[in-house]
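Okay, structure first, notes after.
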Amino acid sequence: MTTSTEQSLAGAAPDGAASAAATRGLNKTYGTGDTRVHALKDVDAGFDAGKFTAIMGPSGSGKSTLMHCLAGLDTADSGNIWIGGTEITGLSDSQLTKLRRERVGFVFQAFNLVPTLTAEQNITLPISLANGTVDKDWFSYVTKTLGLTDRLAHRPHELSGGQQQRVAVARALLTRPDVVFGDEPTGNLDSKVGAEVLSLLRRSCQEMGQSIIMVTHDPVAASYADRVVLMNDGALVGELDRPDTDTILAALAKLGA
Amino acid sequence: MLQVALAQLRQHVRRFIAVGLAVVMAVGFLTATLMVNASTEASLGNSIGATFRNADLVVSEGQDKQLDGSALDAVTGAAGVGEVYAHRQASIAFGSAAGASYGALQNTAPAGLENLELLDGALPGDGEVAVDAGTAEKQGLSVGDKLELAPPAGMVAAEDVAAAGTALMVSGIVKPSKDPFMMVQPQLFATDALQQQLAGADNSWLRNIQFDLAAGADTAAVKDTVTAALADAGFPEASVNTAADQTKEVVASLTGGADQLTIVLLAFALVALLVSALVVANTFSVLIAQRTRELALLRCIGADRGQIRQSVLAEAVLVGISASVVGVLGAVGLMAGIITVLQGQPDTEFATLAVPPYAVIIGLVVGILMTVLAALAPARAATRVAPLAALRPADEARAGNSKGKVRLAVGLALAVGGAVVLALGAVSADLLIALPGGMLSFIGLLMCATLFIPPLVTAVGTLAKPAGVPGKLAAVNAVRNPGRTSATATALLIGVTLVAMMMTGAQTARTAFDGQLGAEYPVDLSVGDLTSAGRPLDASAAATAVNYDGVAAAGLVTNGGYAEVHGSRTGVYQLAPEQLALLQDKTLVLDGNTVLMPQGSELKKLTVTGSKGSKELTVVEADSWTLPPLISSAVAAEIGVPELPAADSEDYYSSLPQLWVSVDRDLDSWALLDLRSQLAAGLEVNEYQISGAAVERAAFNQVIDVLLLVVTGLLAVAVLIALVGVANTLSLSVLERTQESSLLRALGLTKSQLRSMLALEAVLIAGVAALIGAVLGAVYGWLGAQSALGAFATVVPDVPWLQLLAVLAVAVVAGLLASVMPARRAARLSPVEGLATV
């Protein structure tokens, strides 16, 4: 167990291929006057390429906001953001769209899939949107790894919750993005199925070298990560390297969560 | 993205039914209208073409000169011309049992060019004549009968014809010509020589010259040769056409009237299109709102705004295409059905279905364009969905309600300006001024609908307060999105206004015409003259008449004296006070010093003489030209009721008792004709002895009723489309307020309270729209009737309260029905589910 050090955070500056995503001096506020909330305060963070990182923190700690900003879904008030070495601060809506399409993958808590499309169509949707061609070998490797080969023709409502999340993971992996973002990807699943999906994410990180950043408040889910970043009140307050559940619980308890 | 759009359509066909239905109805209407025009032309072409059907080329006169013998010579002499038929037609009188009749005597054509269809007998030879089947039936003629023909001048009785005419034998009965120029009159046919001999000098005019080509001749070459020959002969403007071209030309000259019908129908189609565009726009908004999260997800995984817009528009295009195709097919089916029915009728067997390519193309193009244009705004709204909406609970998006000040200003200006013009048109009784004024003011009102509809809904909403929490919430909810409420209400408002306008206009016109007719013909039915037994009518006649169904009252009006009117002695009738009710013109009164005279008597005073003395009376002129002179029975008693004058005296017929009958108002013209026959039989008189305006009034009312029914039916399509829109708006509201509804449920609102809240909301929107529509329609209808009829009748606004109430009731009930589905969906959600589903 290693507790956070200011050293490691400060060193998380963008340095090319080694970083999947990074921020520097990120600030974000919501609301005005009495309802003003400082969601992110001068956040400097780095996320290593090829690693599975979890962002944890109590409700309102700013972990979701950080992820939204990293993924180009939300804009920060000030500061810089890099995805795979490319600065995305100040990109236009269409540039951000293109970025999301090609360099970022998403796995949400729920409602991941377009209900009217089949699993296969959902998986290839980002590539269809970009008018690209699907890499057949990669597609079959990913779907085989995720155990979806015989589920490809099904529509979302014909799939179990775990299968739906696996389809979402497959979609996120298919474009070989710089980073896959997970927003409580197992929040809606029971613990057994959740464990399955988390193992898959971890395998894709280990076997395919995929960078993954996951927001969660479940210590069990976070224990699958290589590294856990802790947040509180809009600031990074520490990090844990390859922690187990107990370590995480202890660290969270210290935050007063 | 096409993939997404297609999947959307495949999976959620039901969601698109509302849009599709609106488009289908509007497109079907438009296409059917265009086909009415084309089918009318085709039918006319079919009937007119029959006249030329055997000719290769047809010569018709130019503007400069009618065709005559020298033209015929020119054609006959031209190279390449085969058999020639100069179509002659002249008026002729022919005698029969019913007296002298007049018809058109035409010449028969050489065998190759003959287009008559024999039903019986043979084509006429020397000393013979053929008649059309209709005339044969009417005059009781059959093959072998004798018929006298004479030039028409001075022939008033069958004896005149017999004296002056030529006796011919009926050789055959032919099918009546389908040529609309000929259909109205008896058609007689004789050989060319006999026709010229009978018709006399006045027969040089040739309707046309039809001819065949000589063997091996070329159509174009002969056409040129004949045209040149005609020009040489002094007919430079005469045209030489193939039979087909000639048919087209004649039809074109005939269809001016049909075009007007088409324009009127097109106006209705335009209304339907407008309403359905509003509904399509609203419905697509619903569909977009239902899919906010899905669209956000697409944005998250890399769909750009253009792709989202394209996806929505692709859906609109696909829906537009399929609904338009269905609409066009429906229209073709409808027209085919109507034409089939018409073909079964003897008078309209020439009816021909025409499906012109332009009707199909215009229907499709307009339908698709309208759908896509209507979907533009919702598509833009779809592109505004933020990717983050997929991740977090949808905030209640409150788009700033920019009222569009320019639009309001223009709308107000149009409304006021149009109203002034409309008022001007009404005052000057000029429909051509009132019509544009009315249209402009209505468009103006629609443009500033956001100004008055939401406040009115709020105002009416206070009525719902007694319904408790659901009522209060419904009143507030109904105007939460003023723009949408206005759009929904506007769609309904258009339809209801037009329906109410037609109803009020018809009712007002009917009253005006009734008043006019009552003044013109004050007696419903009057029976005069002697019975067939030669006796005057007596009191028993009145007793007999009142026994018939449909007779409201009957009274015998008898002679009360006589007077010298412009040098001739005429009878004056006396009217008992209770008999005054038999006069439909309620402005007519009689007192001890007046005599009622028909219009145009040009008298101030009239001395009426009875058996005991005479009295000078003040003349009161009625509006009627046909009313006999009338005095009150009191005056008649004062001057002494005279004996009936001798049968050969000048005033005998004007002194014979008359039976006056007033009939029930609700009888139609057929029932009245029937009643007239029954009365004639019961009173032992001939039908022509019964006169009066009842039948005319009933016929006019029937025309109004049928027109009203048709127009209301046409507009009902628009109202129906609009109600689909109400249901859609409501389901959108339900969707947007899922969380809120669940919260209310969690806080203790029962399912039925939730349902009644939504029902009240629908009723509020529909009811206010219908209310405004009914008021506007009543005003427009009255002003319209005043503009159209004001010049020749006194127009008093007559509001058909019951009908308007029915429209209101229909709107409210339909609003209720429209709320059923969305309300069920809202009530089905459990409080927990609703709070979780964001």
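Quick caveat, the model's predicted, so the values are computed rather than measured. Here is the naming used below: chain letters follow the sequence lines, and residue numbers restart at 1 for every chain.
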Going by salt bridge (charged side-chain N to carboxylate O under 4.0 Å, His left out), name the residues that satisfy it together with Asp304(B), two or more places apart in sequence or in a different chain.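 Here the qualifying residues are Arg101(A).
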Taken in chain and number order and not counting sequence neighbours, the residues that satisfy salt bridge (charged side-chain N to carboxylate O under 4.0 Å, His left out) with Lys472(B) are none
For chain B, which candidate among Leu117(A), Val104(A), Val114(A), Asp93(A) shows the most heavy-atom pairs at distances under 4.5 Å?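 The answer is Asp93(A).
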Of all the heavy-atom pairs spanning Pro387(B) and Leu73(A), show the shortest one and how long it is. CB-CD2, 3.4 Å
Nearest heavy-atom neighbours spanning Cys300(B) and Phe106(A):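 Shortest heavy-atom contact: O-CE1, 3.1 Å.
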Mind checking the CD-OG1 spacing from Glu294(B) to Thr116(A)? Nearest 0.5 Å is all I need. 5.0 Å
Distance, nearest 0.5 Å, that separates CG of Leu113(A) from CD1 of Ile301(B): 9.0 Å
Whether Arg100(A) side chain and Arg299(B) backbone form a donor-acceptor pair below 3.5 Å: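 Such a contact is found between Arg100(A) side chain and Arg299(B) backbone.
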Region of Leu96(A) that comes under 4.5 Å of a non-hydrogen atom in chain B: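 Neither part.
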